[in-house]
Amino acid sequence: METGAAGVGREEKGGSGRGSGSGAGASAGASAGAEVLSEGGGGPERGGRPYDVVLFGATGFVGELTAAYLAEHAPAKCRWALAGRDRAGLTALRERLAVRWPHCAELPLVVADAADTGSLRELAESTRVVATTVGPYVWYGDGLVAACAEAGTDCVDLTGEAEFVDLTYVRHDARARETGARIVHACGFDSVPHDLGVYFTVQQLPEGVPLRVDGFVRAGAAFSGGTFASALTALGRGREILRAARERRLYEPRSVGRRARAPLGGPRFSRETGTWALPLPTLDPQVVARSAAALERYGPDFRYRHYASVKTLPMALGGAAAVGASVAAAQLPPVRSWLMDRYQAGRGPSAERRARSWFSVRFVGEGGGRRVFTEVSGGDPGYDETAKMLAESALSLAFDPLPQTAGQVTTAVAMGDALTARLTTAGIRFRVAHHG
């Protein structure tokens, strides 16, 4: 979510960087039919690395929230470090963390730059997992994914950019499969509540039958400059997004004997939720469809539709008009530049504003003569809960018994039950509202 720039890659080794927190959650089991590792974080070739987790982009708005979460919740055995392009900024962050968590006073710092391939290589080779907040990812993310794929290092990020996800699949999935690296994009509000929410919903439905799930998203929250820059970048790159999607289809194998799809759907009034449903053409339904294609538990024929849930028709019409205006503005470079200057990366809503923020994603699932209503909900979706999701994803890859996977994988495929259990322990609610 935060913007990167230039610098020199080098490492400052401090103390162990171990937290005093008790850790968050444990695995509730692995995805159905998958081989389970005895320990998270890959094989013995990564056992001698100095760090379990490195947070790259730690000095940005979401980066600092993620660092604070790790400081409070990372288990004592976790060896973690802060990384970014500015040593002074990293040092200042470490000092701020140490005021509240004294064990962070000797937290290791790693200086690395999104534009310096050598520093990214050193970063990837120093740790078992990298968690990165440096975006927009289509500009600043590919080099790190390449380094992680080459080094066999797991990588998690916060991207909601479909173009970036498709490009990294084409460029780096094959190498990541060879080295055992797990490249898990969209480990924040894009797309954890939606991916794991559908995963949770499917588990309440019969096996071996066609399944239909609809998701309805509601949220009350503000956004940061980094998030705005990522969204505006994506809106202004329609042709590039389509080109990347076409290229991915040339490389991605097709399922044989099963079908998983996420059609856009149309605006409608949802009797299930009592709200107007507007189709959301975000990355989330694509992620859900990829999870469904990879996991047989989703049945032989799976369909998911993704909606924004709006209370009244005037609000629905106003929201559609606002999206159209944003898309139009993003096509004009002068307007796009002016908007980015007004919402600079590194700034975000206050703690008080975030404390009032919330999200709810309701799901309606059907199959085999059964109907179920579920919900995933929590606090501030864009920042506090996103930082929590990113940190817990990194810790899950580092420490949980997980299915044997490699390459570009989704949160449901890589960490399904384990990450759901972690997030539940951390305060995000997964519940069955009604069985029909």
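For this chain, numbers begin at 1 and follow the sequence in order.
- Residues R85 and D113 are not paired through a salt bridge, judged by the lack of any N-O separation under 4.0 Å between the basic side chain and the carboxylate.
- Classification of the H185-F164 ring pair by plane angle, with boundaries at 30° and 60°, yields perpendicular.
- Atom OG1 of T117 and atom CG of L123 lie 12.5 Å apart (nearest 0.5 Å).
- For residues 135-146, the salt bridge (Lys or Arg N to Asp or Glu O under 4.0 Å) pairs, not counting sequence neighbours, are D142-R171.
- A heavy-atom distance below 4.5 Å is found between the side chains of L93 and E64.
- Partners of R218 according to the salt bridge (Lys or Arg N to Asp or Glu O under 4.0 Å) rule, which considers only residues two or more places apart in sequence or in another chain, do not exist here.
- Using a cut-off of 4.0 Å between Lys/Arg side-chain N and Asp/Glu carboxylate O, R431 and E375 are scored as salt-bridged.
- Once rounded to the nearest 0.5 Å, the distance linking CZ of F373 with CD of E366 reads 7.5 Å.
- R362 has no carboxylate O lying under 4.0 Å from a charged side-chain N of E272, or vice versa, which leaves the two without a salt bridge.
- Contact of the V376 side chain with the L196 side chain is not registered, since no non-hydrogen atoms from C-beta on lie closer than 4.5 Å.
- At a threshold of 4.0 Å, the pair K388-D384 does not count as salt-bridged, since none of the basic side-chain nitrogens sits closer than that to a carboxylate oxygen.
- Residues satisfying the salt bridge (Lys or Arg N to Asp or Glu O under 4.0 Å) criterion with R248, sequence neighbours excluded, are D166, E252.
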**Request:** I would like to know whether T168 and D173 meet side-chain contact (heavy atoms from CB on, under 4.5 Å); could you show each step before the answer?
**Result:** CA-CA 7 Å; T168 60; D173 175 74; over 6 Å; no

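- Across F363 and P193, no two heavy atoms sit closer than the pair CZ-O, 3.6 Å.
- Judged as a side chain to side chain contact (heavy atoms under 4.5 Å, CB included), and not counting sequence neighbours, the contacts of R259 are R261, D301.
- No close placement of the Y251 and Y169 rings is indicated, their centers lying 6.0 Å or farther apart.
- Checked by atom type, the side-chain pair Y199/D417 shows a donor-acceptor distance below 3.5 Å.
- Judged as a ring-ring contact (aromatic ring centres under 6.0 Å, His included), and not counting sequence neighbours, the contacts of H194 are F189, H306.
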**Item:** Worked verdict on D116 versus R121 for salt bridge (charged side-chain N to carboxylate O under 4.0 Å, His left out)
**Value:** CA-CA 9 Å; D116 183 338; R121 181 179 64 253; over 6 Å; no

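- Here the CD-CG distance, from Q286 to D190, works out to 11.0 Å after rounding to the nearest 0.5 Å.
- Separation of atoms NE2 (H172) and CG (L167) is listed at 8.5 Å; rounding is to 0.5 Å.
- Residues meeting the side chain to side chain contact (heavy atoms under 4.5 Å, CB included) test with A294, sequence neighbours left out: V413.
- The ring pair (Phe, Tyr, Trp, His ring centres under 6.0 Å) test with F216 is passed by exactly one of Y307, F359, Y304: Y307.
- Proximity of L395 to C78: side-chain heavy atoms (C-beta onward) are separated by under 4.5 Å at one or more points.
- Heavy atoms of other residues, nucleotides or ligands lying less than 6.0 angstrom from CD of E178 number more than 12.
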